[in-house]
Novice: 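Can you keep this structure in mind? I'll have questions shortly.
Quick caveat, the model's predicted, so the values are computed rather than measured.
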Amino acid sequence: MRTSVGRTSSVVSVAQSPVVTWDVTAMTGEAPTAKSDSAGAPDWGNPRSAWDLDPGRAHLNHGSFGAVPRVVRAAQTRWRDLSDANPMNYYREVRVPAVQHARERAAAFLGAAPGSVGLVGNATAGVSTVLASFPLRPDDEVVLTDHSYGAVTLAAHRWARSAGARVVTAQVDLLASDEEVTSAVVGAFTSRTRLLIIDQITSQTARLFPVAGIAAAARARDVATLVDGAHVPGMLPVQVEALGADFWVGNFHKWAFAPRGVAGLWIAQPWRDRIRPLVASWNEAHQFPAAFDQQGTADDSAWLAVPDALDFFAAWQPKRLRDHNNALAAYGQQVVGTALGVGWQAAGGAAELSMRIIPLPAGVATDEEGARALSARIAQDLRVEAAVTCWRNRGFLRVSAQAYNAAEEYERLATGLAQILG
């Protein structure tokens, strides 16, 4: 385990405390072996024992809120205990260098240069942060797609409205090729387009968009690009600077195992002196990312636990973990779609993603209210947590896969959901 910071007050000792690699055997009770189950997953012994998830439920919705491992929760608790043991010392000596250390670990994980990533509460907060500082003028346009996350769409409309600008929505078909996605997005540009907000992995539809190509096309038209990478850290290996975007934001509390309430905001060099935190605080005189490091007495223990989360992630061997998750999500899509008889292939799905959607029968969950009701019924009747989404008035079931999941959980969902929907 990672050693505790204890009563540390030194800037150096917080950032350089000794690290011992997480031991998967200790976390799960059994040593990993080369055996595989029916879905092709490596045998990790009992991986679910690394989490405190309700054992009476199948948790197939890692994509919404993640699931914080026990050892990472313990790390967060140590930081909270440290702040409560001596608040003055914590805020005076410990907190800021510890945040700096956490954000530099986050930057390295994203393949970004030191000083190019700041920490924010979540991807939506990062999007609003960029929009609040972006120089929109009357009649300017912000382009996004009809796959955009709901809260991001709301943020775009709020900030555009306050500037007298407009939001333009590009329609992208569910099974559009990379070329068709790029064409649809660029086709929505006009001479007034100033900013594009584009998902790297869409939330409602679990699509992987070709953001590097789209960003290049936008740059050629003098349009800035903000990439919403909410699901990316941990699910995809990423070199964020190579994408060619102007802004990128991604959550660490989903696939990278951090506590909820932490995301990385990357900003390209030309914009760093222009993007300010949503809340002015004591680091206001500094530029990005230092200006984001100190936000009053906010509980930033989730931020400070990022190094522990990334150590935990690394212990599972990232490629092996991703291969397991991707294969299991694809299996879940197939087995549930087959049970429902809905032609699941029509929903698509990238081999690189640990999240898939299954079309629901016509007339099921055709609006947000219906989607919430079906999700609640699945949880109550089947004791399965899964996401139900609605896109273009069509209901979809979204399943995710993580190390703690197993093939039989998706089989159970398939059988039970077929019975619920008749």
Novice: Is there any ring pair (Phe, Tyr, Trp, His ring centres under 6.0 Å) pair reaching into residues 195-215, and which pairs are they, with sequence neighbours excluded?
Specialist: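 Residue pairs with at least one partner in residues 195-215: His147-Phe209.
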
Novice: Can a donor-acceptor pair be found, under 3.5 Å and without considering hydrogens, that links the side chain of Thr338 to the backbone of Val335?
Specialist: no

Novice: After noting the C-alpha distance and the side-chain angles of Arg207 and Asp173, does the key distance pass the salt bridge (charged side-chain N to carboxylate O under 4.0 Å, His left out) rule?
Specialist: CA-CA 10 Å; Arg207 285 295 316 272; Asp173 290 340; over 6 Å; no

Novice: May I ask you to decide if Pro138's main-chain N or O and Arg192's side chain share a donor-acceptor pair within less than 3.5 Å?
Specialist: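 Pair found, side chain donor or acceptor close to backbone of Pro138.
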
Novice: For Asp54, is the CG atom crowded, meaning more than 12 foreign heavy atoms sit under 6.0 Å from it?
Specialist: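 Atom CG in Asp54 is crowded, with more than 12 foreign heavy atoms closer than 6.0 Å.
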
Novice: I'd like to know if the side chain of Arg78 reaches the main chain of Ala305, judged simply by a donor and an acceptor atom lying under 3.5 Å from each other, with no hydrogens or angles considered.
Specialist: no

Novice: Checking Glu385 now: which residues fulfil side-chain hydrogen bond (donor to acceptor under 3.5 Å, both in side chains) with it, not counting sequence neighbours?
Specialist: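 Here the qualifying residues are Arg57.
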
Novice: About how many Å separate CG of Leu82 and CG of Leu304, when rounded to the nearest 0.5 Å?
Specialist: 9.0 Å

Novice: Heavy-atom distance under 4.5 Å between the side chains of Leu195 and Val143, does that happen here?
Specialist: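 No. Closest side-chain heavy atoms not under 4.5 Å.
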
Novice: Could you state the interatomic distance from CG (Asp140) to OG1 (Thr193), rounded to the nearest 0.5 Å?
Specialist: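 With rounding to 0.5 Å, CG (Asp140) is 9.0 Å from OG1 (Thr193).
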
Novice: According to the interplanar angle, ranging from 0 to 90°, do the rings of Trp316 and Trp51 count as parallel (below 30°), tilted (30 to 60°) or perpendicular (above 60°)?
Specialist: tilted

Novice: Less than 4.5 Å apart, side chain to side chain, heavy atoms only: is that true for Phe396 and Val342?
Specialist: no

Novice: Please confirm whether the backbone N or O of Ile357 pairs with a side-chain atom of Gln333, one donor and one acceptor, at under 3.5 Å?
Specialist: yes

Novice: Would a 4.5 Å heavy-atom cut-off, applied to side chains only, mark Tyr149 and Val127 as touching?
Specialist: no

Novice: Rounded to the nearest 0.5 Å, what's the gap from CG on Leu208 to NE2 on His231? Could you check?
Specialist: 12.0 Å

Novice: If we count only N and O atoms by modelled type, under 3.5 Å, do the side chains of Arg158 and Ser128 hold a donor and an acceptor together?
Specialist: no

Novice: Could you walk me through whether Trp391 and Asp146 pass side chain to side chain contact (heavy atoms under 4.5 Å, CB included), step by step?
Specialist: CA-CA 8 Å; Trp391 182 77; Asp146 60 342; 3.7 Å; yes

Novice: Kindly say whether Ala263 contributes a backbone atom to a donor-acceptor pair with the side chain of Asn122 at under 3.5 angstrom?
Specialist: no

Novice: Identify the heavy atoms of Pro233 and Gly229 that sit nearest to each other, and give their distance.
Specialist: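 Nearest heavy atoms, Pro233 then Gly229: CD-O, 3.3 Å.
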
Novice: How would you list, by chain and number, every residue that makes a side-chain hydrogen bond (donor to acceptor under 3.5 Å, both in side chains) with Arg322, sequence neighbours excluded?
Specialist: none

Novice: Any idea which heavy atoms bring Pro114 and Glu104 closest together, and the distance?
Specialist: CA-OE1, 3.0 Å

Novice: List the atom of Val181, the atom of Val172, and the distance in Å for their closest heavy-atom pair.
Specialist: CG2-CG1, 3.8 Å

Novice: Phe292 pairs by side chain to side chain contact (heavy atoms under 4.5 Å, CB included) with which of Val279, Thr129, Leu278?
Specialist: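 Among Val279, Thr129, Leu278, the one meeting side chain to side chain contact (heavy atoms under 4.5 Å, CB included) with Phe292 is Thr129.
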
Novice: Cut-off 3.5 Å, side chains only: do Arg272 and Gln269 have a donor facing an acceptor?
Specialist: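 Judged by distance alone, the side chains do pair up.
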
Novice: Give a yes or no on whether the ring-centroid distance for Trp271 and Phe134 is below 6.0 angstrom.
Specialist: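 Ring centres of Phe134 and Trp271 closer than 6.0 Å.
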
Novice: If we ignore hydrogens and angles and just use 3.5 Å, is the side chain of His253 paired with the main-chain N or O of Phe65 as donor and acceptor?
Specialist: no

Novice: Could you go through the side chain to side chain contact (heavy atoms under 4.5 Å, CB included) check for Asp199 and Val152 one step at a time?
Specialist: CA-CA 10 Å; Asp199 296 79; Val152 169; over 6 Å; no

Novice: How about Val223 and Val186: do any of their side-chain heavy atoms sit closer than 4.5 Å?
Specialist: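 In short, these two side chains do not touch, never coming nearer than 4.5 Å.
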
Novice: Atom CD1 in Ile198, atom CG in Leu243: separation rounded to 0.5 Å?
Specialist: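 That separation rounds to 12.0 Å.
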
Novice: Using distance alone, with no hydrogens and no angle criterion, decide if Glu352 and Asn326 have a side-chain donor and acceptor under 3.5 Å apart.
Specialist: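 Checked: Glu352/Asn326 side chains show no N/O donor-acceptor pair below 3.5 Å.
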
Novice: Would you confirm whether the ring centroid of Trp255 sits within less than 6.0 angstrom of the ring centroid of Phe109?
Specialist: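 No, they do not, as the ring centres are separated by 6.0 Å or more.
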
Novice: Given Phe252 and Trp303, is the side chain to side chain contact (heavy atoms under 4.5 Å, CB included) satisfied, shown in steps?
Specialist: CA-CA 9 Å; Phe252 279 81; Trp303 295 11; over 6 Å; no

Novice: Using side chain to side chain contact (heavy atoms under 4.5 Å, CB included), reason through Val71 and Asp308 one step at a time and then give a plain yes or no.
Specialist: CA-CA 8 Å; Val71 289; Asp308 299 82; over 6 Å; no

Novice: Does any part of the side chain of Ser133, heavy atoms only, come nearer than 4.5 Å to the side chain of Arg274, both counted from C-beta?
Specialist: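 No - every pair of side-chain heavy atoms lies 4.5 Å or more apart.
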
Novice: What is the minimum heavy-atom distance between Gly244 and Ala215, and which atoms define it?
Specialist: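 In this case the closest contact between Gly244 and Ala215 is O-CB, 3.8 Å.
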
Novice: In the structure I gave you, are the side-chain heavy atoms of Gln295 and Asn283 within less than 4.5 Å of one another anywhere?
Specialist: no

Novice: Between the main-chain N or O of Pro87 and the side-chain N or O of Ser83, is there a donor-acceptor pair closer than 3.5 Å?
Specialist: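 Answer holds: no.
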
Novice: Which value, rounded to the nearest 0.5 Å, describes the distance between His157 atom NE2 and Arg161 atom CZ?
Specialist: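 If we round to the nearest 0.5 Å, His157:NE2 and Arg161:CZ are 8.0 Å apart.
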
Novice: Do the non-hydrogen side-chain atoms of Arg412 and Arg383 ever get within less than 4.5 Å of each other?
Specialist: yes

Novice: For a quick test of reading the model, state the closest non-hydrogen atom pair linking Arg137 to Ala165 and the distance between them.
Specialist: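 Smallest interatomic distance, heavy atoms only, reads O-CB, 3.8 Å.
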
Novice: Are Ser148 and Asp228 packed together at the side-chain level, in the sense that at least one heavy-atom pair is separated by less than 4.5 angstrom?
Specialist: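 The answer is no; the side chains never approach within 4.5 Å.
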
Novice: With a 6.0 Å cut-off (strictly less than), is the heavy-atom count around CZ of Phe189, excluding the residue itself, greater than 12?
Specialist: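 Yes.
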
Novice: Whether the side chain of Ser162 engages the backbone of Trp159 through a donor-acceptor N/O pair (distance < 3.5 Å, no angle test) should be reported.
Specialist: yes

Novice: Quick check: does any side chain N or O of Thr77 sit under 3.5 Å from a backbone N or O of Arg73, one acting as donor and the other as acceptor?
Specialist: yes

Novice: If every non-hydrogen atom of Ala302 is compared with every non-hydrogen atom of Arg260, which pair is closest and at what distance?
Specialist: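 That would be CB-O, 3.6 Å.
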
Novice: Which word best sums up how the rings of His62 and Tyr404 line up, parallel for under 30°, tilted for 30 to 60°, or perpendicular for over 60°?
Specialist: tilted

Novice: Measure the spacing between NZ of Lys254 and OG of Ser354 and express it to the nearest 0.5 Å.
Specialist: 13.0 Å

Novice: Counting only N and O atoms by type, is there a donor-acceptor contact under 3.5 Å from the side chain of Arg80 to the main-chain atoms of Ser301?
Specialist: no

Novice: Over 60° means perpendicular and under 30° means parallel, so classify the ring planes of Phe257 and Phe313, tilted if in between.
Specialist: tilted

